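Lettering of chains follows the sequences in order, A, B, ..., and the numbering in each one begins at 1. These numbers were taken from a predicted model, which means no experiment stands behind them.
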Protein chains: 2
Amino acid sequence: MNKNDKKTPKKRMTLKAVAEALGVSTATISNAFNRPDQLSANLRDHILKECERLGYNGPNPAARSLRTGATGIVGVMLAERLAYNFRDGCATEFLQGVSEVLDDARTNMLLMPGRDDFYHLQSMESIPDRYIVYGPPRDISVIERLERQQKPVVTVDFSLKNHLSLNVDNYGGAKQAANHVLKQIGSQGPVAVIGLRLIQSDIIGRIRETELLDAGVSISRQRLEAYRDAAADHGMQIPEELIWNTHESNWADGVKAAREALSAIPRPRALLCMSDQLAMAALSVARDMSISVPDQLRIVGFDDIPEARRSHPGITTVYQPSIEKGRLAAMMVLNPERFESRVLPTQLHVRETA
Amino acid sequence: MNKNDKKTPKKRMTLKAVAEALGVSTATISNAFNRPDQLSANLRDHILKECERLGYNGPNPAARSLRTGATGIVGVMLAERLAYNFRDGCATEFLQGVSEVLDDARTNMLLMPGRDDFYHLQSMESIPDRYIVYGPPRDISVIERLERQQKPVVTVDFSLKNHLSLNVDNYGGAKQAANHVLKQIGSQGPVAVIGLRLIQSDIIGRIRETELLDAGVSISRQRLEAYRDAAADHGMQIPEELIWNTHESNWADGVKAAREALSAIPRPRALLCMSDQLAMAALSVARDMSISVPDQLRIVGFDDIPEARRSHPGITTVYQPSIEKGRLAAMMVLNPERFESRVLPTQLHVRETA
DNA sequence: TTGAAAGCGATACCAA
DNA sequence: TTGGTATCGCTTTCAA
């Protein structure tokens, strides 16, 4: 009558139940799974086979983790909401790199937002054994919680005292890009910047200068400095009115900013964009306004996401090794003792827009 | 001398320690976090405040989960390796939709590969409370493990007996696309298909027909059927030699297949591609071969990923609501009782390539 | 090589 | 409204 009268009613199997069924102690079963050297190969094989037959898939992670304090899960703490990271080409490539390595290492990846309210009344942060922190979290307090855990941490695209960090050469790349453009246009006409998150007004909580070393030196700031320095080198300057800000590297924001920038009088001869997404949006706006690229307008991006490569015309941009950055971050967090903090090189890729 | 002589050596705080410090019972602390109605508001506020001060961030998830059997984590089981899902525009949009909803629900998302070996000797599958299964897992055995958990499951892009499923109208969309193209080219010249995972030779393990309903009816098969039926309606047929297969929806595979297809004699007048990525690769090959699109060659894709929209010329394709699919899957898995299995509509978006 | 037993941190029942 | 306590499933000494 009961819907459970199939084969075996089969309630949840536990290590203890298996031990009883096989007539051995729980320690032996545990050893079969965790320390093969503690028992004979024969016995172990037998036990594993029986477990399979009985439908026991191995130790319950919660119980094991409670006992050992480890889960085998790597936390990837993201700066913002999760969804953003599935929209942004650069973040997506980074996560691809991370997931490749973690997948190979049979390690699970838990994505965690960098917002304080997510952790309210729950210490989720205690689940992972180690952390990759991708970009400075929006709420500083999550960093504090995380540090209290005393677990290995690798920060990416920013630095934190006493932790491994992985950065790319934003300044160098941006300077190359700006130099390239400025050389082309000589000193004619103004140059505008389409920036990304230059204003971090939505960071909540006090910034502890001593610990969050680069809070004021965000990657966008580094790029902006480089643009400015390059301009100065060419005897020019980029006035504040020609610096646009976007909150997110997406199409809509890029279109909006580019439209404004290209309506300025006199019209800019070049657009230095802090991401390829923004550059591609700008390219599209130029097309709409019948501004020819690169003759009347030069555009450079940043990141070198796959779309930039395939765009027509191809976007001139600064390559950063996003996938490699992800792979390396994962390797670093799995073996912190084998690595030191690093700055990865960037590289100008000249294509058709500048 | 010790490196720990900072402020307070502060060892890990536990509920019990807090209870002792405040002179109340552990049950009261627990209630303060989990059942506000079980104690006075005053006491609760006081407790929460003190916890904050003492550096106690709330109950340890491992212990709680051991006790309650729940974690508040949603597992997203992916068909293949994790990395693929960060490469494919369609998968990325799906995950974006999922993450939006889970993020809002303050629920964590654990990404899990659909390969058997990942779970070897560890019942990771017991961590999540509920599952979204995106595409038929490569190894059927993980489905078995998962079902043993008796947890809510929503399958996406395939169906499973006794579980909620979410599909899109692959047949209808593909038929519209093929009809559109066939109408344009009349009955002149051959039509080729660039297929995606038509051959599932790498599925490991027996397929239990009774349970995995659509094993033989993969989304690719549905699309292929539609192409064929459309051809038949137009008094044509698509010969097997004009059906190419790719393993993954990526640029390289697409280029390779398109190059072969466009070298066939007589050259196809139309390419029915099972993804936009493949269609865009084909477009690029056509450009290289100086074949003009759409005059000499019509191309249609599938999915309508953002890149397809922005491509020049714009890709004619079948829109499927990927983000919405993700959102809906997440909502369904969080509230299974409020939903039924669904098939979402697709829609032909005519742009410039056909 | 195996077994007995303590305890990881929290919850939820039942009493008070 | 609060407290005492058995229990969740497992790991790991220590002894046999």
Scan A:Asn34 against the nucleic acid and name what it touches under 4.0 Å (heavy atoms): base, sugar-phosphate only, or nothing. sugar-phosphate

Expressed as a whole number of angstroms, how long is the span from A:Asn60:CG to C:dC8:P? 18 Å

With a 4.0 Å cut-off (strictly under) to non-hydrogen atoms of chain A, the first and last hit nts on DNA chain D, 5' to 3', are D:dG9 to D:dT12

Specify whether B:Phe33 and B:Tyr56 have parallel, tilted or perpendicular ring planes, treating 30° as the upper limit for parallel and 60° as the lower limit for perpendicular. perpendicular

Give one of base, sugar-phosphate or nothing for B:Leu43, where a contact means two heavy atoms less than 4.0 Å apart. sugar-phosphate

Which sits closer to the 5' end of DNA chain D, B:Leu66 or A:Arg35, going by the nucleotide each is nearest to? B:Leu66

So with a 6.0 Å cut-off around CD of B:Glu324, is the heavy-atom count from everything else above 12? yes

Rounded to the nearest 0.5 Å, what separates atom CZ in B:Phe94 from atom OG in B:Ser99? 10.5 Å

Whole angstrom is fine here: how far is it from CG in A:Leu15 over to P in C:dG3? 12 Å

Using a strict cut-off of less than 4.0 Å between a Lys/Arg side-chain nitrogen and an Asp/Glu carboxylate oxygen, indicate whether A:Asp37 and A:Arg35 qualify as a salt bridge. no

Just to be sure I understand the rule, does A:Leu39 reach a base, reach only the sugar-phosphate, or reach nothing, if contact means heavy atoms closer than 4.0 Å? sugar-phosphate

Here the distance between atom P of C:dG9 and atom CE of B:Met13, to the nearest Å, is 12 Å

Whole-Å distance separating the CG atom of A:Leu22 from the C1' atom of C:dT2: 14 Å

Of the listed C:dG3, C:dA10, C:dT1, the closest approach to the A:Ser40 side chain comes from C:dT1

Using whole Å, what does the distance between atom P of nucleotide C:dA5 and atom NZ of A:Lys16 come to? 12 Å

Heavy atoms under 4.0 Å, any strand shown: does A:Phe33 hit a base, just sugar-phosphate, or nothing? nothing

A:Phe86 vs B:Phe86 aromatic rings, parallel, tilted or perpendicular, using cut-offs 30° and 60°? parallel

Measure the distance from CZ on A:Arg67 to C1' on C:dA6 and round it to the nearest whole Å. 8 Å

Just how far, in rounded Å, is P of C:dT1 from CD1 of A:Ile29? 16 Å

Starting at CD of A:Gln38 and ending at P of C:dG3, how long is that distance when rounded to a whole Å? 14 Å

For B:Arg81, does its backbone N or O pair with a side-chain atom of A:Asp103 as donor and acceptor, under 3.5 Å? no

Take A:Ser141 and A:Asp116 through the test side chain to side chain donor-acceptor pair (under 3.5 Å) and record every step on the way to the result. CA-CA 6 Å; A:Ser141 59; A:Asp116 187 47; 2.7 Å; yes

What's the closest nucleotide to the A:Thr28 side chain, out of C:dC8, C:dA10, C:dT2? C:dT2

